[in-house]
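To keep things clear, I will list the structure first and then write my remarks on it.
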Amino acid sequence: MAIRLDEIVARLGGELHGDGALLISKIAPIESAAPGEITFLANPKYQAKLANTRAGAVILSPALAADCPVPAIVHPDPYLYFARLAQWLSPTPPAPAGIHPHATVMSELPQTVSVGAGAYIGANVRIGANTVIGANAVVSSGVTIGSDCRLYPNSTIYYSCRVGSRVIIHAGAVVGSDGFGFAREKDGAWVKIPQTGIVIVGDDVEIGAGTTIDRGALADTVIENGVKLDNQIQIAHNVRIGAHSALAGCVGIAGSTTLGKRCTVGGGAIILGHLTIADDVNISAGTLVGKSLSEAGTFTGTVPFMEHADWLKNFARLRHLDSMADRIRALETRLNELESKK
Amino acid sequence: MAIRLDEIVARLGGELHGDGALLISKIAPIESAAPGEITFLANPKYQAKLANTRAGAVILSPALAADCPVPAIVHPDPYLYFARLAQWLSPTPPAPAGIHPHATVMSELPQTVSVGAGAYIGANVRIGANTVIGANAVVSSGVTIGSDCRLYPNSTIYYSCRVGSRVIIHAGAVVGSDGFGFAREKDGAWVKIPQTGIVIVGDDVEIGAGTTIDRGALADTVIENGVKLDNQIQIAHNVRIGAHSALAGCVGIAGSTTLGKRCTVGGGAIILGHLTIADDVNISAGTLVGKSLSEAGTFTGTVPFMEHADWLKNFARLRHLDSMADRIRALETRLNELESKK
Amino acid sequence: MAIRLDEIVARLGGELHGDGALLISKIAPIESAAPGEITFLANPKYQAKLANTRAGAVILSPALAADCPVPAIVHPDPYLYFARLAQWLSPTPPAPAGIHPHATVMSELPQTVSVGAGAYIGANVRIGANTVIGANAVVSSGVTIGSDCRLYPNSTIYYSCRVGSRVIIHAGAVVGSDGFGFAREKDGAWVKIPQTGIVIVGDDVEIGAGTTIDRGALADTVIENGVKLDNQIQIAHNVRIGAHSALAGCVGIAGSTTLGKRCTVGGGAIILGHLTIADDVNISAGTLVGKSLSEAGTFTGTVPFMEHADWLKNFARLRHLDSMADRIRALETRLNELESKK
């Protein structure tokens, strides 16, 4: 597939500089892009590479347009423009419509739905048009899935959960497993609390490989529209993730916490349970959040790393931080006394 | 299904206050419970909600019984009572007994066992009565599983592992993968050490979605009775988890560590290898445990999070903690000298 | 299978002490090894156990040879010797060659390849000799896999990825899922950037259960030869892991980071994105790496854990570390002044 530069601008906007008849077949990084390929310059850090690019064309911001040695599409947000163009030039490989003879399907599905080999669709399942169910994926009974979704192989949706439209669920992900809820006997043994809620996933959500989302205990777990979850994230029961929030890999969110809209959470961060996090909060990677946050902002709680020998010296002091503070206060008192005697 | 209040008390105990003929069909949270539904009040924090509840009945402690405006079941542990009642009112959806024609089963199984579509049961496998093997789950050759277990879809048990009765294994979980054991060549290359032990899982264990438990190197990895493992936990080879311990999501336990009985481990905590942790130890979420613990207690090692700008100021100091301690000591010496001159 | 001690030495080297005709059938830990079994003594800590061992023979270093009460194989690296012998004595259980009738295979495969029940092999897939594809594993279209590999059940490889020879991929692992790449609209909504690169996995790599490796955005994600990845590791898009590096469980590496050769990363460590880590770097468990590292060494950044009450006292001080440093400086100034007045 090759597209003319002026076709791109006609569909996606931006301002065309140079030959609109130029044919583009591919997007490539600025260092390696060749003629016939388009690249983008979103990070001013890479501006120096513009002069020597071999790219057929470049997507860049108005400020850099004058320096571009080749045809350009000028747009205030080159990275966003690149994303839209990439979706056009690099569609997800299609899947054949229809039910593979080695699939097991217990519900009636639209003809445009694709069900891969070994996939299992339980009873009373409803699936919207054009949705693709990958090989060996499992959609349990009573589940509802919207249109234009893609479930990758070996993903699992438990019974009765509801998934919106244009949702992507990657391989190994699990939606609707039991929340971790137990009462305790006097002897320490645990009594399981049946998890009778479901998971509700909104539209335009992406759920990464190996990510797990537990069903609610009595109420439901809710992932609002446009949420993006990276790989190996754990969402506990009764959590609510606000619309358009994005969570990086290995994040864990404990039970009954509500995360606001448009939040970002860095990789490996842990948010404890029963908290309320405001809209537009950014949590840094590796941070443990132990209190609710009522206002937008960026929050961090990690320690610097250092050479192991330095770490041994410095971090041993953490065991004595309280006495260090006491000693500073004592010094201040003594010094006050000494000074007052002058 | 609707049950009379006096039927509940006859079976589960507690003291009945009010009309025993009242019919209950469902458990609901105290805020949303409607007539015909029962709720519970376990956390005194929510006591204020009691006056206005629309619930048909409430499970609560003797101290609160006098304030209850509707019929009540009075019990010293309302949460535990709720758990038992919920198990009665909300049984796990049943699975049809028998082997699905799209399953592959290489061993003889009791007639009460249910094997879902696409599931694989290897040779020399023994499975107890009423156990349910979900769609596309894999039980490798030589595995033994007790009765009344449930393996959810896409879970995997490696060869020769042993699983007790009433065990729940959630989707995507893996039991018996190779431990991470290698010797090192002089040039840095790794030589794999065959992992010839197995995993032994006791009775009444629950294993969360995406949780992985490695088989032992020479000896075995052991999960004792009543252990509850949340999602995405990693248990390395030769670990032993004591009976009735409960581990929250994203916990990692390194090789050859023994965790005691009735321990709790908070989400995202890491326990290093070759350690021995006593019974009744509680590890807080996000804590890295690097030493053995010989006595019960609660242990924590996490840093507070703060606004990013404050963090930058405060945490940079961690690199200089050792010199701060030196400077405090120097100040004390100088002040001693100064004071002694008086 | 039983092997003579002199056969072992003939094949694996080392120096034989004692009766070469002794038959060995199994390797066992030094405490439990019985006659007919061989053990090894690699850690001098366990030297005291040598005198009382019931093992038929012991692999040990020259320094300990004189103290061994039973026949011995003497070698400078007993642990490495043990690994090689264990591979001989404990081969991975074989899989029947050929395609199981319940597998779905859309490509032509060598006759020595084994494909388990329910496995799916897409179109245009190439697989080398003797490779074993486990039950319900999914190999998507266009994938290339070398010879003598083993994919365990329920593992998934996305389209077009390339895997070398002698690679082990454990259950639930995912290779080639979409990287986490989005541009952002002004209203906070995310626009997906198609991930058009692949994952390239070298020879002799092991990928643990539940580990996920994302495909590249424009370029590729690369796992070089001999890399060993434990369970539940997350490797983001465009990462490169240098040859013979070994990563413990629950590690996360963010996008576009390059890790050098022969590095080790402890469990639960997080390495942020766009960093370059030199060869032979060791990262301690639980450490967050936020800067590039240009030289070999061991690096750590974790906090000590303590009894919860002590932690409350000490770690609250972290919020005031900056003011503690200011107060020390003020004390020094005042003391200088006082001393200068003498």
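To find a chain, count down the sequence lines: A is the first, B the second, and so on, and within it residues start at 1.
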*asked:* To the nearest 0.5 Å, what is the distance between CD1 on A/I277 and CG on A/N282?
replied: 12.0 Å

*Which value, rounded to the nearest 0.5 Å, describes the distance between B/F315 atom CZ and B/M306 atom CE?*
4.0 Å

*Could you note down all residue pairs passing side-chain hydrogen bond (donor to acceptor under 3.5 Å, both in side chains) where residues 80-96 of chain B supplies at least one of them, sequence neighbours left out?*
A/E185-B/R84

*Kindly indicate whether a cation-pi arrangement holds for A/R215 with A/Y159, taking the cut-offs as under 6.0 Å to the six-membered ring centre and within 45° of the axis.*
yes

*Heavy-atom distances under 4.5 Å only: say whether A/T104 touches chain B with side chain, backbone, both or neither.*
both

*In terms of heavy-atom proximity below 4.5 Å to chain B, should A/L312 be classed as side chain, backbone, both, or neither?*
neither

Given that the side chain runs from C-beta out, which part of [X] has a heavy atom under 4.5 Å from chain A: side chain, backbone, both or neither?
| X | result |
| --- | --- |
| B/A28 | backbone |
| B/T39 | neither |
| B/N336 | both |
| B/L247 | backbone |
| B/H102 | side chain |

*asked:* Could you work out, with ring pair (Phe, Tyr, Trp, His ring centres under 6.0 Å) as the rule, every residue matching A/H274, not counting sequence neighbours?
replied: none

*Specify which of B/A209, B/S32, B/P304 makes the most heavy-atom pairs with chain A at under 4.5 Å.*
B/A209

*If you count heavy-atom pairs under 4.5 Å with chain A, which of B/N231, B/L89, B/L85, B/D204 comes out on top?*
B/N231

